[in-house]
There are 2 protein chains.
Amino acid sequence: MKVEKKPVRKGRRGGGGMTLADVARLAGVSPITVSRAINTPQQLTADTLQKVQAAVARTGYVPNRLAGGLASNRSRLVFAIVPTVASPVFLETVQALTSTLEEAGYEVVLGQSGYDGRRENELLDAIIGRRPDGVIHVGIIHSKEGRRRLTAAGIPVVETWDLTPTPIDMLVGFSHEKAGAAVAEFLYSRGARRPAIISADDYRAGLRRQGFTEAMARLLGKGAPMPCRLVTAPTSLASGRTGLAPLLDRHPDIDAVFCSSDVIAQGALTEAQARGVAVPSQLKIMGFGDLDFAAHTHPALTTVRVDGTAIGRQAAAFIVQRARGEPIEHRIVDLGFTVVERAST
Amino acid sequence: MKVEKKPVRKGRRGGGGMTLADVARLAGVSPITVSRAINTPQQLTADTLQKVQAAVARTGYVPNRLAGGLASNRSRLVFAIVPTVASPVFLETVQALTSTLEEAGYEVVLGQSGYDGRRENELLDAIIGRRPDGVIHVGIIHSKEGRRRLTAAGIPVVETWDLTPTPIDMLVGFSHEKAGAAVAEFLYSRGARRPAIISADDYRAGLRRQGFTEAMARLLGKGAPMPCRLVTAPTSLASGRTGLAPLLDRHPDIDAVFCSSDVIAQGALTEAQARGVAVPSQLKIMGFGDLDFAAHTHPALTTVRVDGTAIGRQAAAFIVQRARGEPIEHRIVDLGFTVVERAST
DNA sequence: GTGAAAGCGCTAACAT
DNA sequence: ATGTTAGCGCTTTCAC
């Protein structure tokens with residue numbers, strides 16, 4: 001006769017906290033009923049629900065989402081990856097997608113890839129290891145390895161803030177080349193004939209720079225190369241000041257500067273003011289992003305508005321739709337941009 | 001005779017991905033050996049380790065941290081709670097604690113409590129539900145309910161950016177009253193006799209305001225109440241402009257303004273410039289935080305430097321020590337602050 | 001509408 | 001140094 005081996009130790013419960021089973025015992029129902037009371041309350045009788053909720057309240061029970069995620073294969077976690085949280089440019093997007101996803105019952109984890117994309121791969125392991133229900137990435141994921149692994153993991157991916165005909169999965173953004181070109185056309189229309197650039201050295205700023213340069217070459221006829229200063233991303237007020245200074249020193253005749261971000265533009269504005277260069281009469285300054293301060297600088301900053309909130313909302317909506325198994329018609333959404341004219345031009 | 005019931009279905013594997021067991025089979029070892037190869041490789045023979053690593057590489061296996069966390073009762077997750085990511089004030093702290101914790105093998109989840117603390121409790125459920133190994137909170141947790149639940153959950157907690165004799169658990173910060181007083185003394189020493197305040201309406205700004213007001217009353221002798229404008233947190237350049245405007249309109253004789261944040265101060269600087277008020281000769285302007293732009297405004301901003309990086313590092317160190325079971329001698333760390341004199345005063 | 005049984009993928013504890 | 005066993009706390013599937 002086989003004797004049942006009595007467990008030597010009483011489990012290895014760690015948290016010391018309440019479990020679903022504890023609540024079930026207290027409410028006089030089975031564990032699964034407590035689970036239903038929490039996740040699908042409409043399945044239960046008002047009476048049963050009542051009993052369970054009382055027990056939950058009494059114990060202060062908080063469901064363990066690690067366990068829930070493991071069992072259901074739905075972590076209710078979404079990763080949002082930004083180049084750096086130090087850049088306010090993507091703030092609207094992050095706020096919007098966070099609030100949209102939280103309403104839908106997800107939590108958002110913020111990850112930083114760094115502008116150079118070096119951390120991208122190690123970050124990816126951390127991400128895949130958490131088995132998120134989605135990944136929202138600011139920028140196109142260029143690393144082939146990264147694209148492959150995300151696809152292999154079967155995680156829904158939304159790339160944002162850029163455009164490409166070949167996204168991993170879903171995409172919501174706009175064309176940076178076109179934005180740069182629009183700035184060139186705008187500045188030209190306002191009389192700029194000797195333009196210069198102060199640009200961050202990241203990928204998307206490069207696209208805007210390229211769009212700007214090409215359009216200007218078209219408008220002005222190909223002449224001398226355009227004065228250009230590159231500054232390191234993430235940009236700061238200092239970038240703008242140290243960017244404009246040598247430009248004014250070496251090319252005192254420039255009449256307009258396209259800054260690849262509003263923060264740079266604010267710095268350029270400051271430097272101009274410190275040197276007594278009049279804006280916009282002597283020098284027109286234009287930024288990019290339409291951050292909250294752009295309308296309140298002195299003079300107010302002409303810039304390019306991107307609807308970061310809409311990007312975030314759409315990205316979140318993509319993830320939610322996918323999680324619900326709904327079909328997605330258009331996986332690529334172009335949200336465009338707008339030139340906002342203010343006093344600095 | 002009892003017949004063994006044969007399982008009807010073959011599991012319910014979800015992710016479709018590799019599991020530890022798959023890798024073990026491929027490497028010809030037991031699952032636990034694979035686990036050890038990943039977590040405590042020094043326990044294995046070079047040979048075994050080699051075999052396992054080859055199998056991992058071949059399969060592209062990424063461990064499921066949900067499962068690992070559940071089994072080990074260590075989620076390797078730390079929550080960092082800030083009032084809002086829209087405020088750059090805590091950025092240094094967040095960067096520092098993130099990099100420190102990532103080096104130690106943790107991931108950091110950023111949560112927003114909102115300046116009014118309304119979301120604090122619902123946020124808490126989300127947090128406790130993930131069973132993090134620690135919580136780092138910017139500011140004191142005032143809600144009694146919140147304090148109780150965190151304690152009950154047994155999660156290590158570090159409160160930061162403030163001081164109190166009764167923290168929940170661990171604390172690293174500085175005295176906002178003293179900082180306010182230091183600003184008052186500094187401005188007085190530079191000749192300010194008719195000071196005013198533009199302050200955010202959040203708790204810690206209130207403490208600074210109070211320290212400032214009391215110290216000024218001591219220095220000037222109690223006279224008329226000090227002109228004061230409250231603006232809504234999070235603050236922006238606009239807060240500073242709309243804050244200073246009515247102050248100058250109604251009290252044209254003020255000779256100094258203490259702004260509760262550098263962003264407000266930058267706005268005040270802008271408004272002064274727009275109105276042709278000379279800084280610092282007519283009006284001294286002082287901020288708080290020493291953000292990256294403070295040294296580069298025109299004129300450069302006098303402010304109070306807080307070592308946000310040190311706060312973040314110490315907070316992270318607390319969590320890591322606690323996780324390792326190391327004893328902690330001083331649970332309260334006062335990191336102080338420094339007045340940084342620049343051109344705006 | 002409610003419950004019993006099984007198992008998600010991993011690791012702690014106990015062998016060997 | 002490696003393996004065996006028994007869960008971690010929850011949800012799925014199927015049965016009633």
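Every chain is numbered from 1 and lettered A, B, ... according to where its sequence line falls, protein lines coming before strand lines. As a basis for the values below, the full set of heavy atoms in this structure was taken, side chains included, without hydrogen atoms, waters or symmetry mates.
With 3.5 Å as the limit, one finds a donor-acceptor pair spanning the side chains of A:S30 and A:T33. B:T84 and B:S87 form no side-chain donor-acceptor contact under 3.5 Å, judged by distance and modelled atom types alone.
B:V138 and B:P83 get closest at one heavy-atom pair: CG1-CD, 3.8 Å.
For A:T45, whose side chain is taken as the heavy atoms from C-beta onward, the closest listed nucleotide among D:dT11, D:dC8, C:dT2 is C:dT2.
With rounding to whole Å, B:M18 atom CE is found 15 Å from C:dC8 atom P. Atom pair A:R74:CZ and C:dC8:C1' shows a separation of 15 Å (rounding to whole Å applied). Counting to the nearest Å, the C1' atom of C:dC8 and the CG atom of B:N64 are 9 Å from each other. Rounding to whole angstrom units, CG of residue B:N73 and P of D:dA6 are separated by 21 Å. Rounded to a whole Å, the CG atom of B:D22 is 11 Å from the P atom of C:dC8. Nucleotide C:dG9 holds its C1' atom 19 Å from the CZ atom of A:R65, rounded to whole Å. Between A:L70 atom CG and D:dT11 atom P there is a gap of 11 Å when expressed in whole angstrom units. Between the CZ atom of A:R25 and the C1' atom of C:dG3 there is a distance of 16 Å, given to the nearest Å.
B:H137 and B:F79 have their aromatic ring centers separated by at least 6.0 angstrom.
Rounded to the nearest 0.5 angstrom, A:L26 CG and A:R58 CZ are separated by 4.5 Å.
Residues from residues 27-44 of chain B with heavy atoms under 4.0 angstrom of DNA chain D, sorted by number: B:V29, B:S30, B:I32, B:T33, B:R36, B:Q43, B:L44. Only at 4.0 angstrom or more do the heavy atoms of residues 48-56 of chain A sit from any atom of DNA chain D, so none qualifies.
The shortest distance between side-chain heavy atoms of A:P63 and A:L20 does not fall below 4.5 Å. Looking at heavy atoms from C-beta onward, B:D22 lies out of side-chain contact with B:Y61 at the 4.5 angstrom threshold.
Crowding of B:E329 atom CD: a count of heavy atoms from other residues, nucleotides or ligands under 6.0 Å not exceeding 12.
With respect to A:R322 and A:D133, no salt bridge is recorded, no charged nitrogen being found less than 4.0 Å from a carboxylate O.
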